[in-house]
Amino acid sequence: MKIKSVITIILLLFVGISIVTLFIKDNNAERREGNKALRAQDENAQPAGQTASNTKTIVYYFHNTMRCKTCNTIEALTRKAIETGFSEELKSGTVELQILNVEDPCN
């Protein structure tokens with residue numbers, strides 16, 4: 001009876017270690033593939049501070065119809081942050097601020 005228990009424990013440990021090993025190998029393979037994709041993106045990336053001429057960033061602020069003082073303050077601060085931090089981009093049209101009521105049927 002003791003030999004069966006020992007063999008069972010050894011087999012269960014073997015299966016457990018095999019599963020962990022497979023998981024680690026699979027995870028490392030995914031990580032390597034992800035790193036290859038990131039390197040490819042980096043090679044095609046533009047230098048820091050430059051954006052492609054056809055890109056546009058849209059900043060969305062979502063709100064409900066009923067708004068509290070805090071909601072209005074958050075909108076005002078968002079607008080101020082965009083207007084002060086990205087004034088040149090707003091003028092050139094590469095950054096746009098859109099404030100949307102999520103309860104409006106067209107939104």
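What you see is a predicted model, and the numbers here were worked out from it, not measured in a lab. Side chains included, hydrogens not; waters and symmetry mates left out as well; all remaining heavy atoms used.
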(message) Using 0.5 Å steps for rounding, measure from the CD1 atom of I82 to the OG1 atom of T57.
(response)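 The OG1 atom of T57 is 9.5 Å from CD1 of I82, to the nearest 0.5 Å.
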(message) What's the separation between atom OG in S5 and atom CD1 in I10, rounded to the nearest 0.5 Å?
(response)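 It comes to 11.0 Å.
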(request) With sequence neighbours excluded, tell me which residues meet ring-ring contact (aromatic ring centres under 6.0 Å, His included) with F62. (result)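 Per chain and number, F62 pairs via ring-ring contact (aromatic ring centres under 6.0 Å, His included) with Y60.
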(request) Any pair with a residue in residues 70-83 that passes salt bridge (charged side-chain N to carboxylate O under 4.0 Å, His left out), sequence neighbours left out, goes on the list, sorted by first then second residue, please. (result)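 As it turns out, the salt bridge (charged side-chain N to carboxylate O under 4.0 Å, His left out) pairs with a partner in residues 70-83, which skip direct neighbours, are R67-E75, E75-R79.
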(request) Starting from L12, walk the hydrophobic network (Ile, Leu, Val, Met, Phe, Trp, Tyr; side-chain heavy atoms closer than 4.5 Å) and list everyone else you reach, by chain and number. (result)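 Reading the cluster by chain and number, L12 sits alone, since nothing else belongs.
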Donor-acceptor pairs are to be reported for all side-chain atoms of residues 95-103 against protein atoms at under 3.5 Å, with residues two or more places apart or in another chain.
unit_1, atom_1, unit_2, atom_2, d
E96, OE1, K56, NZ, 2.6
E96, OE2, Q98, NE2, 2.6
N101, OD1, T65, N, 3.4
N101, OD1, E103, N, 2.9
N101, ND2, T65, OG1, 3.0
E103, OE1, T65, N, 3.4
E103, OE1, T65, OG1, 2.9

Tell me every residue that passes side chain to side chain contact (heavy atoms under 4.5 Å, CB included) with [X], counting only those two or more places apart in sequence or in another chain.
| X | result |
| --- | --- |
| S87 | none |
| S92 | T94 |
| C106 | D104 |

Anything under 3.5 Å between a donor and an acceptor, one on a side chain of residues 15-23, the other on a protein residue two or more places apart or in another chain? List them.
unit_1, atom_1, unit_2, atom_2, d
S18, OG, F14, O, 2.8
T21, OG1, I17, O, 2.8

